Amino acid sequence: MAKQVKIFDTTLRDGEQSPGCSMNLQEKLELAKQLERLKVDVIEAGFAIASPGDFAAVKTIAQSIKNSTVASLARALPGDIDRAYEAVKHAESPRIHTFIATSDIHLKYKLKASKEEILERAVEMVKYAKQYCSDVEFSAEDASRSDWEYLYKIFESVINAGATVINIPDTVGYTTPDEFYNLIYNIKNNVPNIDKAEISVHCHNDLGLAVANTLAAAKAGATQLECTINGLGERAGNAALEEIVMTINTRKDIYDMFTNIDTTELYPSSRLVSKLTGMKIQHNKAIVGDNAFAHESGIHQHGMLAHKSTYEIMTPESVGLTKNKLVLGKHSGHHAFEERLKTLGYHFTKVEISNLFKEFKVLADKKKVIYDRDLEALVQDKTLAIKELYILNQFVINSGNTITPTATVKLLKEKVEVEEVATGHGPVDAAFKAIDKIVGNGFTLEDYSLQSVTEGEDAQGEASVKIKLDQDIYNGRGVSTDVVEASIKAYINAINKMLNELEWHEE
Ligand SMILES: CC(=O)SCCNC(=O)CCNC(=O)[C@H](O)C(C)(C)COP(=O)(O)OP(=O)(O)OC[C@H]1O[C@@H](n2cnc3c(N)ncnc32)[C@H](O)[C@@H]1OP(=O)(O)O
Ligand SMILES: CC(C)C(=O)C(=O)O
Ligand SMILES: [Mn+2]
């Protein structure tokens, strides 16, 4: 009979370890709620000891999430475990996830400790965590480069100490499917008390094998799979959740297992992560890329017209990519609008829908057809409750290749109008400099990009900016049919997020 494999999502922890992918508290909470809708079994909400912001995020998520286990990472140190428990203790189902490296390389160069010392520390810290929490996961960092006999011993010992889950990470993405299958198979057969714990795997994508290795491990008996949305994560990333889940679903003949995931939430989850982190999804990304279900060539189109099974192994609908059967435009009513948002995975109150509908009508006056991507662009930021300290009121740009680009920008700061003028290398640069004069310095522009939301000459432009204050990065997004306006909105959005975070730290 098919067995359930659990999905452990670590987008909020390992995913956030991707350079430039930090999220603020509201963004993390928003993502956690989406992960709950996706029905992941475990949400690793962060690394509580890492910073006060991480602690607050794990705690807030633990208090808000009802249907998934909420875990915090902790080194094998009492202080880390105290902090992890403090953060997750209000969850319906809390978990402490403690780890220590087990490979000779890490022991020699990083931890500077013997195998015996590490084994002892692992056991002590699992016991320590167990005093607080019945659900304790232990990870042997760099397991795939560790001595197998030592792994059997450490897993046996931590299970005796009370670990409920033992995790086998391929921390540096070094293993291959055959080798990893053998490792998991051998752990299953050489750790005498293994039946008392869940076997988990956690694969990185340095050689592009993270999903293949995870699936090989599942075949060998792993019952918890750690992964991230869009494969986000340290360096080349982690195993992509959507690819693991859809492989299991699509190849039931090979994988005699199932997950609890609501696959129709995969696409909305992917878009949300991309928006929150500013990490774009490559067009040919499996499952959630723009081209994943696009058929361009004649022979393929002919096949698709004859029967979809000729070129589609799964339906776009099954991953939440629904075709727009009702064309939305300026003559559409709020029923069709609301229905469309629901199918795209956006959940709003009646009042929010009615406000959004007004914005939709303004956009519909500017664009002939409103595509799904336009709707996503319209509503995405509305799901986040950030306080808008600065609001764009007006701007005027003088630009050309014979004059110095000059921008006059008027912002509202708590209903008071503030105006500045600046010149720059181009219209966007001039506008940003005018905004800098209003807001003040201290942060730097790290990245700026512009792309079209949909096709056509009336397409909207979507600007993304990253600003940096000290070590923290804040992403901003702005959308408009005018690209300068989109850029200004994105810049103000990033500034507002930064100021929200600073205000929150002061409280
Ligand atoms: C494989 C992974 O993904 S592991 C998770 C990686 N994620 C992160 O590191 C993000 C969050 N990290 C942080 O914010 C910081 O690194 C902190 C707060 C955890 C620690 O910061 P610092 O105290 O300044 O230490 P720093 O990061 O420079 O060095 C790590 C220390 O932890 C020790 N350490 C590393 N892993 C472990 C472990 N699993 N158990 C116990 N100690 C450990 C190291 O030996 C080193 O100790 P030392 O200070 O005695 O030399
Ligand atoms: C902390 C562990 C699970 C990890 O992220 C890794 O080893 O990659
Ligand atoms: Mn990892």
Side-chain angles (χ1 to χ4, degrees), residues 2-11 14-15 17-18 38 40-42 44 103 139-146 148 151 166-189 198-259 261 263 266 269-270 273 279 281-289 291-293 312-314 318-319:
K3 269 204 337 210
Q4 185 185 350
V5 280
K6 292 192 179 147
I7 296 296
F8 174 117
D9 181 277
T10 182
T11 311
D14 216 322
Q17 284 174 214
S18 302
L38 181 63
V40 305
D41 300 282
V42 187
E44 184 160 58
S103 67
S139 285
E141 188 188 355
D142 206 18
S144 55
R145 292 193 301 167
S146 302
W148 288 17
L151 283 180
I166 54 124
N167 183 35
I168 301 130
D170 179 28
T171 304
V172 289
Y174 179 70
T175 199
T176 64
D178 289 349
E179 182 186 57
F180 207 48
Y181 178 96
N182 284 332
L183 174 58
I184 306 308
Y185 181 87
N186 275 289
I187 287 173
K188 213 171 147 54
N189 288 290
E198 183 117 44
I199 301 180
S200 169
V201 291
H202 173 114
C203 295
H204 279 271
N205 208 28
D206 299 66
L207 293 173
L209 293 173
V211 170
N213 290 335
T214 306
L215 291 167
K219 274 221 116 183
T223 51
Q224 175 182 281
L225 311 179
E226 302 198 1
C227 43
T228 57
I229 304 288
N230 298 340
L232 207 67
E234 189 87 44
R235 303 180 312 279
N238 288 60
L241 182 150
E242 60 281 1
E243 296 176 21
I244 294 171
V245 169
M246 288 315 287
T247 305
I248 291 173
N249 269 24
T250 309
R251 297 306 308 271
K252 293 202 175 79
D253 53 331
I254 307 265
Y255 298 97
D256 190 20
M257 54 192 78
F258 64 93
T259 71
I261 295 296
T263 61
L266 287 172
S269 306
S270 164
V273 168
M279 190 81 115
I281 303 161
Q282 78 200 49
H283 287 216
N284 61 342
K285 163 87 181 62
I287 320 293
V288 290
N291 294 349
F293 294 93
E312 263 179 17
I313 57 168
M314 58 197 144
S318 67
V319 302

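Note that the structure is predicted; figures quoted are calculated from it, not measured.
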Next on the checklist: Taking the side chain as everything from C-beta on, heavy atoms only, tell me whether Val319 gets closer than 4.5 Å to Val288.
Outcome noted: no
Next on the checklist: Which heavy atom of Pro169 sits nearest to which heavy atom of Ala140, and what is that distance?
Outcome noted: CD-O, 3.0 Å
Next on the checklist: Are Asp9 and Leu38 packed together at the side-chain level, in the sense that at least one heavy-atom pair is separated by less than 4.5 angstrom?
Outcome noted: no
Item to check | Test item: Ser103 side-chain N/O and Ser146 main-chain N/O as donor-acceptor pair under 3.5 Å | outcome: no
Checklist outcome for this item: Sequence neighbours excluded, the answer for salt bridge (charged side-chain N to carboxylate O under 4.0 Å, His left out) partners of Glu44 is Arg13
Item to check | Ile244/Val5 under side chain to side chain contact (heavy atoms under 4.5 Å, CB included): CA gap, chis, key distance, verdict | outcome: CA-CA 11 Å; Ile244 294 171; Val5 280; over 6 Å; no
Checklist outcome for this item: residues 244-255 vs salt bridge (charged side-chain N to carboxylate O under 4.0 Å, His left out), sequence neighbours excluded, gives Arg251-Asp253
Checklist entry - Taking the side chain from Ser270 and the backbone from Leu266, do they hold a donor-acceptor pair closer than 3.5 Å? => result no
Checklist outcome for this item: So the salt bridge (charged side-chain N to carboxylate O under 4.0 Å, His left out) pairs with at least one residue in residues 167-187 (sequence neighbours excluded) are none
Item to check | Exercise: identify the closest heavy-atom pair between Ala240 and Val211 | outcome: N-CG2, 3.6 Å
Next on the checklist: Looking at every heavy atom in both Trp148 and Asn186, which two are closest together, and how far apart are they?
Outcome noted: CZ3-ND2, 3.6 Å
Checklist entry - For Asp206, what residues pass the salt bridge (charged side-chain N to carboxylate O under 4.0 Å, His left out) criterion, not counting sequence neighbours? => result Arg235
Next on the checklist: Can you tell me how far apart CG (Leu209) and OG1 (Thr176) are? Round to the nearest 0.5 Å.
Outcome noted: 7.5 Å
Checklist entry - Just how far is it from atom CD1 of Ile184 to atom CG of Asn189, taken to the nearest 0.5 Å? => result 11.5 Å
Checklist outcome for this item: Value for CG (Leu215) from OH (Tyr255), rounded to nearest 0.5 Å, stands at 4.0 Å
Item to check | Distance, nearest 0.5 Å, that separates SG of Cys227 from CG of Asp14 | outcome: 11.0 Å
Item to check | Exam field: side chain Glu242 to backbone Asn230, donor-acceptor pair closer than 3.5 Å | outcome: yes
Checklist entry - Got His202 and Asn238 here, is their nearest side-chain heavy-atom distance under 4.5 Å? => result yes
Item to check | Heavy-atom check, side chain of Ile187 versus side chain of Ile166, under 4.5 Å | outcome: yes
Checklist entry - Nearest heavy-atom pair of Ala2 and Phe258: which atoms, and what distance? => result O-CE2, 3.6 Å
Checklist entry - Is it true that a side-chain atom of Ser200 and a backbone atom of Asn167 form a donor plus acceptor pair closer than 3.5 Å? => result no
Checklist entry - Side chain of Thr11, backbone of Ile229: donor and acceptor closer than 3.5 Å? => result yes
Next on the checklist: Any side-chain to backbone donor/acceptor pair from Asn205 onto Ala210? Under 3.5 Å, distance only.
Outcome noted: yes
Next on the checklist: Strictly distance-based, threshold 3.5 Å: is any side-chain N or O of Lys219 a donor or acceptor partner for the main-chain N or O of Ile254?
Outcome noted: yes
Checklist entry - Mind checking what makes salt bridge (charged side-chain N to carboxylate O under 4.0 Å, His left out) contact with Glu198, not counting sequence neighbours? => result Lys6
Item to check | Closest heavy-atom pair and its distance - Lys285, Ala292 | outcome: O-CB, 3.8 Å
Item to check | Where Leu207 and Tyr174 come nearest, the two heavy atoms and their spacing | outcome: CD1-O, 4.0 Å
Next on the checklist: With rounding to the nearest 0.5 angstrom, report the CD1 to CD1 distance, Ile7 to Ile261.
Outcome noted: 5.5 Å
Item to check | Nearest-0.5 Å distance, OG1 of residue Thr10 to CG of residue Leu232 | outcome: 10.0 Å
Checklist entry - Are Ile287 and Met314 close enough that some pair of their side-chain heavy atoms sits under 4.5 Å apart? => result yes
Checklist entry - By side chain to side chain donor-acceptor pair (under 3.5 Å), which residues pair with Thr228, not counting sequence neighbours? => result none
